[in-house]
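First the proteins, then the strands, lettered A, B, ... as listed; each starts at 1. Hydrogens, waters and symmetry mates play no part in the numbers below; they use all other heavy atoms, side chains included.
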There are 2 protein chains.
Amino acid sequence: MSENKSKHQQVIEALAVSDGPMSANELWEHLRSNPTLKSIGIATVYRSLKKGVEDGELVPVELESGSVRYESSGLQHHHHFLCSTCSRAYDVEGCVKNLEKLLPQGFEMTRHEILLYGLCADCKMAG
Amino acid sequence: MSENKSKHQQVIEALAVSDGPMSANELWEHLRSNPTLKSIGIATVYRSLKKGVEDGELVPVELESGSVRYESSGLQHHHHFLCSTCSRAYDVEGCVKNLEKLLPQGFEMTRHEILLYGLCADCKMAG
DNA sequence: CACGGAATGATAATCAATTATCATACACGG
DNA sequence: CCGTGTATGATAATTGATTATCATTCCGTG
């Protein structure tokens with residue numbers, strides 16, 4: 001047995017320690033910055049994401065048109081912040097009350113997502 | 001001067017009276033159900049949406065990956081409900097308090113979006 | 001060490017959304 | 001009615017994301 005982690009495991013783990021969901025491409029660029037993964041192919045990233053979702057380890061998160069991001073399943077309830085400058089998505093803790101008040105008559109709500117937009121700390125600092 | 005509305009005007013007006021934002025394709029199908037617009041082409045819909053945004057009459061709304069919806073600009077602050085069955089987006093009135101509490105240290109929020117998911121009244125009834 | 005299956009990388013193929021093209025149909029001023 | 005410029009519809013082309021393909025590399029086993 002190899003003592004090294006498979007690429008697949010590394011994809012899953014990268015998302016486990018990330019501070020927000022990532023798209024296939026974001027993840028690819030992120031992973032390649034790691035010396036041991038310099039040569040990872042985008043196909044492997046897509047394959048791992050697909051398998052991760054099938055295995056229930058990952059959850060797809062759709063925050064925008066154009067790309068699907070992924071995060072570890074089993075994170076506690078949280079929401080997201082989308083930086084208008086760097087386009088990164090960050091997890092934000094907590095929630096708010098009284099969302100049911102918004103629900104129109106006759107509608108049934110099964111879940112919700114709160115999206116905050118603006119500048120992340122890094123971009124604000126850099127700005 | 002023709003007493004008839006141009007296709008462009010009709011696209012803008014359809015969104016003005018809609019109960020939620022629509023994608024180019026949704027709008028196209030919706031408009032074609034109107035006898036006077038049976039033959040409208042999808043290109044005209046895209047052109048009108050583009051021009052509407054340029055003119056400031058419309059605003060693009062991204063609620064999912066895969067498609068951009070549009071709504072009239074100047075609507076009062078509101079949020080959206082996305083039906084998991086029919087995929088339609090509906091406007092929902094109102095908002096909630098304490099969203100700032102969610103903001104991580106050092107981040108700056110310029111706007112927010114609340115998305116409710118579930119069954120719309122029609123689909124719930126039909127279901 | 002040879003073999004067979006799984007993992008991987010490069011890249012071609014696919015798919016949906018959107019944009020570009022182009023010939024036609026209109027609308028209006030002369 | 002004629003010419004000109006805009007609006008429109010059909011459809012080809014483009015784009016970005018994702019998936020499929022295929023040859024190669026890995027790994028553990030016999």
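Between the CG atom of B/L49 and the C1' atom of C/dA20 there is a distance of 17 Å, rounded to whole Å. The distance between atom OH of A/Y46 and atom C1' of C/dA12, rounded to the nearest whole Å, is 15 Å. Regarding B/E54, its CD atom lies at a distance of 13 Å from the C1' atom of C/dT19, rounded to whole Å. Distance A/L27 CG to D/dA17 C1': 15 Å, rounded to the nearest Å. Separating the CZ atom of B/R69 from the C1' atom of C/dA17 is a distance of 13 Å, rounded to the nearest angstrom. Here D/dG16 presents its P atom at 19 Å from CD of A/E62, a figure rounded to the nearest Å. Remark: C1' of C/dA6 and NZ of A/K50 are 16 Å apart, rounded to the nearest angstrom. We find that CD of B/E26 is positioned 11 Å from P of C/dT18, with the value rounded to whole Å.
Under the 4.5 Å side-chain criterion, counting only non-hydrogen atoms from C-beta, B/K50 is not in contact with B/R47.
Using modelled atom types and a 3.5 Å distance limit, the side chains of A/T36 and A/N34 yield a donor-acceptor pair. Counting only N and O atoms by type, the side chains of A/E13 and A/H8 include no donor and acceptor under 3.5 Å apart. For the residue pair A/H112 and B/H79, no side-chain donor N or O sits within less than 3.5 Å of a side-chain acceptor on the partner.
Checking A/K51 against B/V68, the closest nucleotide of DNA chain C that is more toward the 5' end is the one next to A/K51.
Applying the ring-ring contact (aromatic ring centres under 6.0 Å, His included) rule to pairs touching residues 89-111 of chain A yields A/Y90-B/F107, A/F107-B/F81, A/F107-B/Y90, sequence neighbours excluded.
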Exercise for the section: Report, as a single string ordered 5' to 3', how protein heavy atoms within less than 4.0 Å touch nucleotides 8-15 of chain D: B base, S sugar-phosphate only, - not at all. Expected result: BBBB----
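A salt bridge is absent between B/E62 and B/R69: the closest approach of a Lys/Arg side-chain nitrogen to an acidic carboxylate oxygen does not fall below 4.0 angstrom.
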